[in-house]
Every structure is written in C-alpha cells, then in structure tokens.
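Note sheet for the following structure.
Each chain gets a letter, A, B and so on, in the order its sequence line appears, and its residues count up from 1.
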There are 4 protein chains.
Amino acid sequence: MSVITSKTKGVFVIAVTPFRHDGTIDPGSIDSMVDFYFEKGADGLTILGMMGEAPKLTLAESLAVARLTLARASGKPVIVGVSAPGLAALGELSGKVMDMGAAGIMVAPPATLRTDEQIINYYRHVIDTVGAETPVVLQDFPLSTGVQISTKTLGVLFTAHPSIVMLKHEDWPGLQKISDIRRAEAQGQRPVSILCGNAGVFLPEEMQRGADGAMTGFAYPEMMVDVVRLMNAGRVEEAHDVFDAYLPLIRYEQQPGLGLAVRKYLLAKRGAISCAAQRRPGIMLSEPAVNEIERLVARQDRRLTFPA
Amino acid sequence: MSVITSKTKGVFVIAVTPFRHDGTIDPGSIDSMVDFYFEKGADGLTILGMMGEAPKLTLAESLAVARLTLARASGKPVIVGVSAPGLAALGELSGKVMDMGAAGIMVAPPATLRTDEQIINYYRHVIDTVGAETPVVLQDFPLSTGVQISTKTLGVLFTAHPSIVMLKHEDWPGLQKISDIRRAEAQGQRPVSILCGNAGVFLPEEMQRGADGAMTGFAYPEMMVDVVRLMNAGRVEEAHDVFDAYLPLIRYEQQPGLGLAVRKYLLAKRGAISCAAQRRPGIMLSEPAVNEIERLVARQDRRLTFPA
Amino acid sequence: MSVITSKTKGVFVIAVTPFRHDGTIDPGSIDSMVDFYFEKGADGLTILGMMGEAPKLTLAESLAVARLTLARASGKPVIVGVSAPGLAALGELSGKVMDMGAAGIMVAPPATLRTDEQIINYYRHVIDTVGAETPVVLQDFPLSTGVQISTKTLGVLFTAHPSIVMLKHEDWPGLQKISDIRRAEAQGQRPVSILCGNAGVFLPEEMQRGADGAMTGFAYPEMMVDVVRLMNAGRVEEAHDVFDAYLPLIRYEQQPGLGLAVRKYLLAKRGAISCAAQRRPGIMLSEPAVNEIERLVARQDRRLTFPA
Amino acid sequence: MSVITSKTKGVFVIAVTPFRHDGTIDPGSIDSMVDFYFEKGADGLTILGMMGEAPKLTLAESLAVARLTLARASGKPVIVGVSAPGLAALGELSGKVMDMGAAGIMVAPPATLRTDEQIINYYRHVIDTVGAETPVVLQDFPLSTGVQISTKTLGVLFTAHPSIVMLKHEDWPGLQKISDIRRAEAQGQRPVSILCGNAGVFLPEEMQRGADGAMTGFAYPEMMVDVVRLMNAGRVEEAHDVFDAYLPLIRYEQQPGLGLAVRKYLLAKRGAISCAAQRRPGIMLSEPAVNEIERLVARQDRRLTFPA
C-alpha cells in the first residue's frame, strides 16, 4: 500500500465512473479502465472526483467503486475524493477508503466559504475529522466551487497542516500561483506536491513554473505522461509539440458539463470502458457534437503520425 | 400512518437534531423534543431540514433520527428533508423514510440551478427518482439556496407533478408570491398547501394572503399555533398582538447561521432538549448574546403576561 | 462645512431620492425631505446610497441631487455614496461632491471581490483615487454586495487607511462584529465610528455592543433618534420599548427590493416627499401590501400613544 | 453611417482602450489601432466592452473614445458597449453614441438577474430606454456576468424586440445554443445575426453550427478573418489548420483577467498601440508570463510560415 506524500510526482488520472446504460455501476469497465490508464503510463489514479460523478453515487456505491478500483490497481496509488456537504459523511468515507488502502483523500472547499478565515477554519475541521495521519489533497478549483483561495491562505494551510501533502491546482488563471508557492517554499515554507488539473490546458507552462505533474482526466492520458516526461527532461519545445497536437481536443473536452460526455465518448471509443453513459442528470452528445469530436480525433491522429 | 396532501393545514415545526456535548445524537432529547412540539400544539413535524443540521449527519444517523422521531410521533405526520447533492442519495433516503412511515419528503433545489428550464428539469428528475406516489414538499428558500423560482415556474411544477402537494414558502420578499399562486389557483391551477417558513417573521400577513399555516422552527411553537388559529378565526388584530409580543425574539432567532444556536439555547432552556450543542462546525453564543436573549425572553414573558 | 471623523456619533438618515411621477428628480421634495429628516432629529444625512436609487441616476443628476441636498442641509453633515463600477467614475464623483461641501463619501465593495487580499487591494485603490484627505465610510453589507469582510480584514483596512473614519455596519448577523472591533480597539487598534444600517432591525443590541449610532433610512427616523438617545442614557428597557413599537413596521420595510416602495409610500404619507414613485425599474405596492402597511401604521400609532 | 442588422456577417473586433503609462487615454493609439484592425480584415469594431476597460472610464472619457474611434473608422460600423448599473446612464450613453454615428449598442445583463422573467423584464426596460430604432446586440456571456439565458428566453427576447438584431454569443459550452437558435429560426423565429466571442476558442465549430462570424478581440484578428472566410467557403480542414496554429496563444489570451494584459502586450508588440498599460486596477505580466508569450508567438510564427 502506497500513500502520497509532498514528494509525489507524475501523472494521476482523474478516473471516470463507468456506468451501464441502465445507470448501474459497471465493474468490468472499472477493471478495463484501470488497466487502460496504467498502460498509458499513469502513475496513479484519483477516483470519486467531480468528473467521477461522485455526488451521484450512494455511499454504498462509492465504497464499491473504491474497492474495485483499489483491487485492480494492485498497489499503485489511488486517491479518493471525499468532498461532502458535512464533516460526518466526509469522515466516514475517508476512514473507510483509507482502511481499504487508498493513498490519500481529496477535499474541495464547500461553495459557501468566502473569507480567508472561513477557508482556514474549514480545513482545520477537515483535518480534525479525518485525522492528521491521513494524506490530504487540497483541490483548488474556483471555476467549479466558487471559492477563491489566495496563495497566502494556501501557505497558512500548508504550514498549519503537514498532512496536506498535495495541491490539485486548477485555478484559472493559475500559473502565477505556482510560481508564488514555489517562491514561498524557497523562502522556507513547507513544500507540497503540485499536480495540475483543468483538463491539462496549461500543462507545459505549469511544469515550467514548477509543478510536479498532472492530475486530470483527459481521455488521452499519454498526452499528460509525455508532456510531463519531456518537460522534466528539459525538452520544452518537444513537450509543446506534443501538447499542441492534442490541444484542439483538450479544449473541446474542457467544456464545463458537456466535457464529461466528451470524455466518456472517447474512453468508450478507445475501449477503456464499455459504455459512455452518464448517470442522470447527464448531458447527451448531439449528432453535430459527435461529428466535431470525430473530426478532431482524425486531425489529432494525423498530426501525431506526421508531427509538425 | 398519515401522509401530507395538498389540503394539509396547520403548523409543522421544523425540528432541530439534538446532540450531546460530544456531538453524538441524543435519543432521549428526540423524545422530549417531539413531546414538547406536540404539547405546544404542532400538527406535524419536519425533520432533517437545513436547521436540523441534516448535512452534518451520516446516512445511518439520518435514518436513526427519522426512526426515533417517527416512533415518538405516534402516527402524527412527520415530513423528512432529503435534499442531497445527487439523485441516488436523495432517492435512497426518500425510499427508506417513506417505508418507515414518513408523511412526505422535502426537497430544496441545489445551488447550481439558474434558469427556469434547469429548475423544471431538476424536479422532473426528483419525481422520477422518488416515485410519483411520494408526497413532496418543494422548499423555496432563495436566501439560503441562491435559487430563485418565479411564480410562473412554480405553476409549471405544480401542474406537471401532482405529487408536489406542498410549498414550503420562504422567499423574501414573498407575500406577493402567495397572492399570485392563490390567484392562479382561482383561475384553475391545481391547488397546493402553502406552509410558511422564514422563522415566521411574516406569519400574520402570510395567513392573510392565503397561506395554510406555518412550517418553521421558532423555539416558541405556540406563537405559530396561536397566530394561525387566530388568523383562521378572522381575529386579525389579536393575531398581530400575539405575533408582536414574540417578534423581537423571532427577529433575533432569524439571524442566519447564528439563529440555530439561539434556537437550541431556547429549546434547552425550555426543557425540550437536554443540550444546546450543535455538531461542528457550529456557532457558539457569546456572553453578550446570551444576555441579549435573556433580556428578550424576560421582556416577552412580561408582555405575554400583561398584553399591550 | 462639517466633515465626519472617527468620533462622529448619532443618526445619519439614508435619504431617498424623490422623483416625480414621470421619473424626473423633484427638487421641491428634496427640500421638504431634508427638512423632515432634520426636524425628526437626524444629525446628518447620507445620500446616493443603494436605497437612494443612486445607480439609476446619470452623473449630472447625481451632482444635482448632491447640490440641492447640501444647500438645504445648511452646513449639517451630508455623506455621499460614490460606489461605481470603476475608480475613475468613483473619483470624479467624489472630487465634485467634496468640493461642494460633502462631509465624506461612502464606498461599498464591488460584488466581484472574494479574498481578503482582493478587498484590501480594492480599498487601497479607492483611497489612492479619492485622496487620503477625503473622509471615507466603508459600507459592509454582504446581503446586498455578496462580499464578506472579516473583522480581521476590517482591522487591516482601518490600520492602513486613517481616512476610513466610519463603518456603515450592516452585516447579518453582525452583533459580534461590533464587539470584536471594539475589543481590538481596546487593544490598540485605531478607533472608528460605527453607525448601523440594515433598517435598524438590531439597533438596541448594536448600541449595547458599542455602536455610535444609526445610519439607515427607516421612514420614522424618530425611532433611531429615540433609541440611540435612550441607549446612550443607559435607559435600556425604555429603548427597547420604543424599538418594539416600531419593529413590526421595520420588519416590513426591511424586505429586500420591496422595502424601498414601502419607505417611499410612508415618506409620502408623512408629507416628507410629494410622490412615492421610484424611477424604473421599480416595484409597485399591490393593494394588499398597502393594506398591510396601513394596518401596521395604525397599530404603531396606537402603541406609541398608549405604550405597553 | 452604417448600422448593424440581423443580416450582418463577418468579423467585428472587440477593441481595447489604449492608455498611456500615466493612465490617460492615448488618442494616437486609437487611430493606429483602428487602422490595424481594418488592415487585418475586420468588418467592424466593438468598443467599450468589458475587454475595453469600459467600467474604468468616466462618461466624458467614454464619449471621447467613441468619437475618436468613429472618426477614424471612416464610416465602417462601430458598435458601442453601453452596459451600466442603471437605465439612465445606459440611455444617456446610448443616445449620444448613436447621434455620433455608432452602428448599434451592446448590452450585457446585470449580474443580479436570475429568473427568465427578470431577464425578459430587463431587456424590455432597455429597449424602452434606448428606443426601438436603436440596433441592439445582446451579450450572452455567463462566465463573466453570472447570468444564464436559456435558448428559449433568447427566443422570447428576439420575438418581442425586433431591434435586438444581433447576439454576441459567448456561452460556454455554447455550440448547441447556436444549433438550437438556428433550428428555431428554421421553424419561423425571426433570425438574428450571431457573432461569437470567447476569444474565438470555438470559432470553427461555431461557424459550422451556423454563426455569422466573430466578435472578439484576439490580438491576431487575421485568425478570425481567415477562419470565417475559409468556413464560409466550405474549406473546413483549412480553417481548422489556421485555427490550430493560433490555438496555443488563443488559449493563453483567454485567461480571465490576465488575458487583457496578454492582449495589450501583443498589440503593443505588433505596433497597433504604443503602450500596453491598463488603467488601474490592472494586472501586470510577470517575467515568466512574458517568456511564455514570446515562446508561443515564436512557435506560432514558425507554424504559420511552414504550416503543418
């Protein structure tokens, strides 16, 4: 059993939750999806995030998804999203998945938080609830949560809670935030791992600013794997070449709400899952949307075969 | 077992969830609280609402609170709040409490809804999930949810879903909404029961506009009982006299966030529950706040003894 | 010409902007309204606030209202609201009204501010724009602006900017904020004047917590004047007696949006202005609303004649 | 003098407002910028939009910018953004710029609107204020305004107000909205011109769905001109080739807030304006950001010279 630390690097793929057409969980597709992600080079997985349709699951279903994923991951690290409206439910899920062998938990701030003080108090309650021994990923995604956490407040949180070992960075714009955190660390602040989300739409620049890798669910995880590898090797232009080839589709998959339908369509097309269905309420792709995706995939395939 | 209908009238008290000092649920206080509410004249109860700290409970705890309350209520109607981030959890809780004998469920719209169409789609999904045989209370509380539902959209919902039998009305300002709904009903729209929340701060006027009663948790339920009774009897000035005597404390208890601490303090003081503690994160009353409450109670007692 | 300072005390009435039925500004009613407010005991006025329909005026109209009000006030202090989407417009209005003899300006935070840092930066820009010699009232009204300013952030602002001499306090709940600011001042923080808004709905308690007076526009300014005077004299129960007599109407006038129609109806009824019209978009009182107001006024009159 | 109609097609560039380093408006740069945009193939301009720093200008400055731009545009169509907190200011600016020869006005909904009814009422007030003879562009940009307008509500507005001749489309995701509007038009709804914003990040797909062109301010307007021209000619793959070459920089310029600094940096670099300064409060580009932009420009230049 591996746990995440402040030194964790690489690519953690945000996993979808595969459903059958009738809306039930598809265990076979969990297996094939886990295999797919690791075959493409993932270092770990993150399940039950926003793009994993976590709020649509019952507690029992969430635990089943965690159990199946952890079993198939065979000891590779799996982070579990445990965001919940209240601390008791958050703590219950956290305790159970850590007992199963999760590598850590991920917690986004509830939408009601406004002032720095409220944010600081919230994470203090979270750490009290899950225990200081549980590794925590702080998800900083204002576009979705509505909560803005300044770099200074992040510093207060990292200093107060050594168990917050990782930042899932998806502020937008957010490049300067990475630079500012790394500068604070150079001046003595406790370092944390920074993995970047937001569909990877700024991944080359994020790596250049000092990020440790990616945590996002773009349906071509090899993009994240290659960009992170090339950037770590200092091969910046090549990293951009790879990134640019995927960017038209990244952009298309990043559409709020609709993006999950795009992602599942692509994962089903690639054989990672057997069915692209979302549990309701979900968005269906229209015929023009499918045509747009197919065009983008064809163009991407051509470009990756004969790179610019 | 009684269920609510579109003809339900009277006072449904929004029950708190009693905790011990250590944050565990206090079954003995559930019993005494249920007794207290009915002794003061309540016609029914509503549990696991926002002021019942429902989001702070695990699923197992929610079910335990429902079971204990229903048992003690001895067949009197108990509505259960089932609002949840996703439909699966909402449906699971709804099914279980209806099986236990709940009189109906209450559903507030999630904060992400904006357009009329989104609101209409959401309640369609809810009714599909809980089944058209489950009586539903639609909670319209924009101050807390951020969702604004126009009178026209309410009409669309009431027409589409006969199982939405009741409106928990707490828009602010909201008096005209009651008049508008009643006028639409006079022109043929299916009638619904309208019980008013918002700490009762407009109860006399709401009754005059055509409401059927109150659904709120002010720590002196006899206020709601008396005002509703007097208004129904056409004794408008007397209803206002009673209301005015309680208004300084209603106003104090209506403070967002802090209000629950005030309410639990008063319920503990009155012997309805043994401990005023909220589960964390909760707000503590400062010493000046306690002094303010005590002054207001003393003034209220004097005024009720020697009415103006 | 008088300016406000951190020692200013008393009642500043939030003035409405009187319009004729055709939506044009009514200079005669500005005169009669100014006379009315001072006759009822006001110590000063605040014009061009949210309840003064300031955003509905052109710049030229705003300047005309300021000129007429200042002329009629004959040297009594008049604060001018200058909140605007941008600093240039804010600075232009501020400069012009200060030149005319305004006692200070009032600035609410724009709705886009979230983090403490953003709030602090915004007021730094404001002070740079209006000049450090212009007395500033910071309006803290989260219900309307959506911006939450913690007590700590207020302390940072008061310390950084000596020209912020006054807090228009209308957080809700907000009593503890007054206590916390006064405690910080006891420990050395620069004191500011705290005048309370929010229709006066917590005025007795706010005075007890250490406020210096009221800044709100309830159509019976004598309520604020009497409560402030009695509280300052330590006659707490009498202050509450006065307050309680007005509370049913305060509550009615405090309804968001609708409240301004109530206030202007009452001011017209009392002869302070000749016409209750709002400039569009405005809310009209329905017949039931007018009946409700008339009942509340009649009850208030009886109660003030034969106090409880 | 040309005005926009529901048949207007092509590329309207969202113009920046050029300032000198001291924050004053730079008339010389207005001239050179207008020339630049038209030399690159723009069909018209839109000034005083959000990205034109309109809220930072005084009324007199707004009028000066409009006058200078209209003079230099020599009869080519210039749309003027007139969004304002209140109708009087909106109407004043609208009347003055239409008198100067503007081609139409653009109005975004204020952030407070929620229900369909509120949105419909707002635009009714706007049309009443500016007059039914003034051509209006409705800006639909939820990411910035917070207001969500459903396709159905847009249909209500287009049907009620023939003077709303154009939609500035920048919902996200928004492709389906274009398809839905065009389908409604095929079924008899009055057609409108649809020009797409959002930095052009979906321009090829938007054209395919039936848009009439672009209205956005990307610093390389030739991208919009070429993509629109190629799509209109049915040369879809070539349009994508052009688009893909610019996409890495489009993405970078689309960053909220920061994007304007990027845009002005590029316009200054290209000689369109003499100074990249924003009026305060503005965002400065850090050194790493400048390096990122320069790298993206170099890569873009290479790719446009030797296309993939």
>> Would you call the rings of B:Phe243 and B:His240 parallel, tilted or perpendicular, taking 30° and 60° as the class edges?
In response: perpendicular
> Looking only at atom types and distance, does a side-chain atom of C:Thr305 sit under 3.5 Å from a main-chain N or O of C:Asp301, one as donor and one as acceptor?
Replying inline: yes
>> Quick check: closest heavy atoms across C:Gly23 and C:Arg279, and the distance to 0.1 Å?
In response: O-NH2, 2.8 Å
> For C:Glu53 and C:Thr17, which heavy atoms make the closest approach, and how far apart are they?
Replying inline: OE2-O, 3.9 Å
> So C:Tyr220 and C:Tyr246, would you call those rings parallel, tilted or perpendicular, with 30° and 60° as cut-offs?
Replying inline: tilted
> Do you know which of B:Glu205, B:Gln208, B:Gln254 has the most heavy-atom pairs under 4.5 Å to chain C?
Replying inline: B:Glu205
> How about residues 283-296 of chain B versus chain C: which residues have heavy atoms under 4.5 Å apart?
Replying inline: B:Ser286, B:Pro288, B:Ala289, B:Glu292, B:Arg295, B:Leu296
> Any salt bridge between B:Arg209 and B:Glu206, counting N to O under 4.0 Å?
Replying inline: no
> So, B:Glu237 and C:Arg303, do they make that salt bridge, N to O below 4.0 Å?
Replying inline: no
>> Between C:Pro256, C:Ser179, C:Gly259, who has the most heavy-atom pairs with chain B when the cutoff is under 4.5 Å?
In response: C:Pro256
